[in-house]
There are 2 protein chains.
Amino acid sequence: MKFPTPGQPVRGSASGQPIMALLDLLGRNWSMGIIWHLNSGPNTFRGIQAYCESISPTTLNKRLKELTTAGFIQRTVDGYSLTHQGKELYEHIYPLGHWARKWAENFKNN
Amino acid sequence: MKFPTPGQPVRGSASGQPIMALLDLLGRNWSMGIIWHLNSGPNTFRGIQAYCESISPTTLNKRLKELTTAGFIQRTVDGYSLTHQGKELYEHIYPLGHWARKWAENFKNN
DNA sequence: AGCTTTGCTACATAAAATGTAGCGAATGAA
DNA sequence: TTCATTCGCTACATTTTATGTAGCAAAGCT
């Protein structure tokens, strides 16, 4: 599998900084959505697929592998779940949730 | 242009929550990288293009339009720059920068 | 033993990104 | 005022990524 080793990003993202490798990974379709969802508890392949309404099994499988390789999620008997690192990452994505509502409101009023 | 109205996501993302519309937008190639970069000050089309090494002018143009429509960036005489909202958004992306370094370290040691 | 659900793979189609070329407008030097 | 650069794009062909549908093997009911 071709996963971006931090510090050696795949698509030639700027300066090769870790942040760019992370943004590259998170900037793929559904990456953040999956992490967001898994924070509410372990879930199955089909469960995640149902949550991310229009994701295809092909892509879901790919994303799950990438996120696993990156150390954000893992597979247990319960299905897929966030690792310790995954939870830490979620903590940093979480504030966007609140803020997104404000943003959406502003957006409507323009 | 087809931009995801918050609450009415484009690609059928889950539950139609604002967060999902936001994640969908930010989850496009280079979206966060552009915001990250613009935080260091206004910049030109070619400047952003140089920073995001492998972005094509086609995609850059598209992202800039989307981010402008979403209210995160604007065009002034200085080129493109973050709006107030864009700066707020950056504040929420920023913590990822520190954390990304830790993550990259962990990753190496596995 | 049958029936359903689950986690995936195969494969064809559609959408998104890249890469290269180049145009018209603005900028700067001679 | 000319000439060469640079700049912000656009066009368009190619490649990459995602979708959509079908279906299979394994596991779990009943």
Side-chain angles (χ1 to χ4, degrees), chain A residues 1-4 8-14 16 20-21 23-38 41-70 73-82, chain B residues 1-4 8-14 16 20-21 23-38 41-70 73-82:
Chain A
M1 192 188 57
K2 106 183 161 180
F3 169 75
Q8 297 176 327
V10 170
R11 291 187 278 213
S13 47
M20 280 309 182
L23 293 187
D24 181 56
L25 178 57
L26 296 183
R28 291 172 195 175
N29 221 329
W30 302 108
S31 290
M32 289 191 289
I34 291 169
I35 288 167
W36 184 269
H37 180 49
L38 282 183
N43 210 330
T44 63
F45 189 98
R46 293 275 234 252
I48 302 169
Q49 200 179 3
Y51 181 74
C52 302
E53 291 167 11
S54 76
I55 197 174
S56 64
T58 320
T59 305
L60 178 53
N61 185 33
K62 210 176 162 195
R63 277 307 91 83
L64 289 174
K65 277 180 183 159
E66 289 168 2
L67 293 173
T68 302
T69 304
I73 67 177
Q74 66 196 157
R75 246 195 113 174
T76 67
V77 280
D78 300 325
Y80 292 94
S81 58
L82 292 182
Chain B
M1 192 188 57
K2 105 183 164 184
F3 170 74
Q8 296 176 328
V10 170
R11 290 186 279 210
S13 47
M20 280 307 181
L23 293 187
D24 181 55
L25 178 57
L26 295 184
R28 290 173 196 174
N29 221 329
W30 300 109
S31 289
M32 289 190 288
I34 291 169
I35 288 168
W36 184 270
H37 181 49
L38 282 184
N43 210 330
T44 63
F45 189 97
R46 294 275 235 254
I48 301 169
Q49 200 180 3
Y51 181 75
C52 302
E53 290 166 12
S54 76
I55 198 174
S56 65
T58 320
T59 305
L60 178 53
N61 185 33
K62 210 176 162 195
R63 278 306 91 83
L64 289 174
K65 276 180 184 159
E66 288 168 3
L67 293 173
T68 302
T69 305
I73 66 177
Q74 67 196 158
R75 245 195 115 173
T76 66
V77 281
D78 300 325
Y80 293 94
S81 58
L82 292 182

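Chain identifiers are assigned alphabetically (A, B, ...) following the order of the sequence lines, protein sequences preceding nucleic acid strands; residue numbering begins at 1 within each chain. As a basis for the values below, the full set of heavy atoms in this structure was taken, side chains included, without hydrogen atoms, waters or symmetry mates.
- One can place CG of B:Leu64 at 15 Å from C1' of C:dA17, the figure rounded to the nearest angstrom.
- For A:Phe45 and C:dT6, the CZ to P distance is 12 Å, given to the nearest whole Å.
- Taking atom NZ on B:Lys62 and atom C1' on D:dC12, their separation rounds to 15 Å, with Å as the unit.
- Residue-to-nucleotide contacts include no donor-acceptor pair under 3.5 Å from the side chain of B:Ser54 to the base of C:dG19.
- Between B:Tyr80 and B:Phe45, the ring-plane angle classifies as tilted under the 30° and 60° cut-offs.
- Whole-Å rounding puts the A:Asn29 CG to D:dT16 P distance at 18 Å.
- Here the side chain of A:Thr68 pairs a donor or acceptor atom with the backbone of A:Leu64 at under 3.5 angstrom.
- D:dT10 atom C1' lies 13 Å from atom CG of B:Leu60, rounded to whole Å.
- Two end axes, each from the C1' atoms of five base pairs, can be drawn for the helix from C:dA1-D:dT30 to C:dA30-D:dT1; they diverge by 30°, to 10 degrees.
- Closest to the side chain of B:Arg75, from the set D:dC9, C:dC8, D:dT19, is D:dC9.
- Spacing between atom CD1 of B:Ile48 and atom C1' of D:dC7 amounts to 13 Å, rounded to whole angstrom units.
- Residues B:Leu26 and A:Leu26 fail the side-chain proximity criterion, which asks for heavy atoms closer than 4.5 Å.
- A donor N or O paired with an acceptor N or O is not found under 3.5 Å between the base of D:dG8 and the side-chain atoms of B:Thr44.
- Counting to the nearest Å, the P atom of C:dA16 and the CZ atom of B:Arg28 are 8 Å from each other.
- Rounded to whole Å, atom P of D:dT17 lies 15 Å from atom CD1 of A:Ile55.
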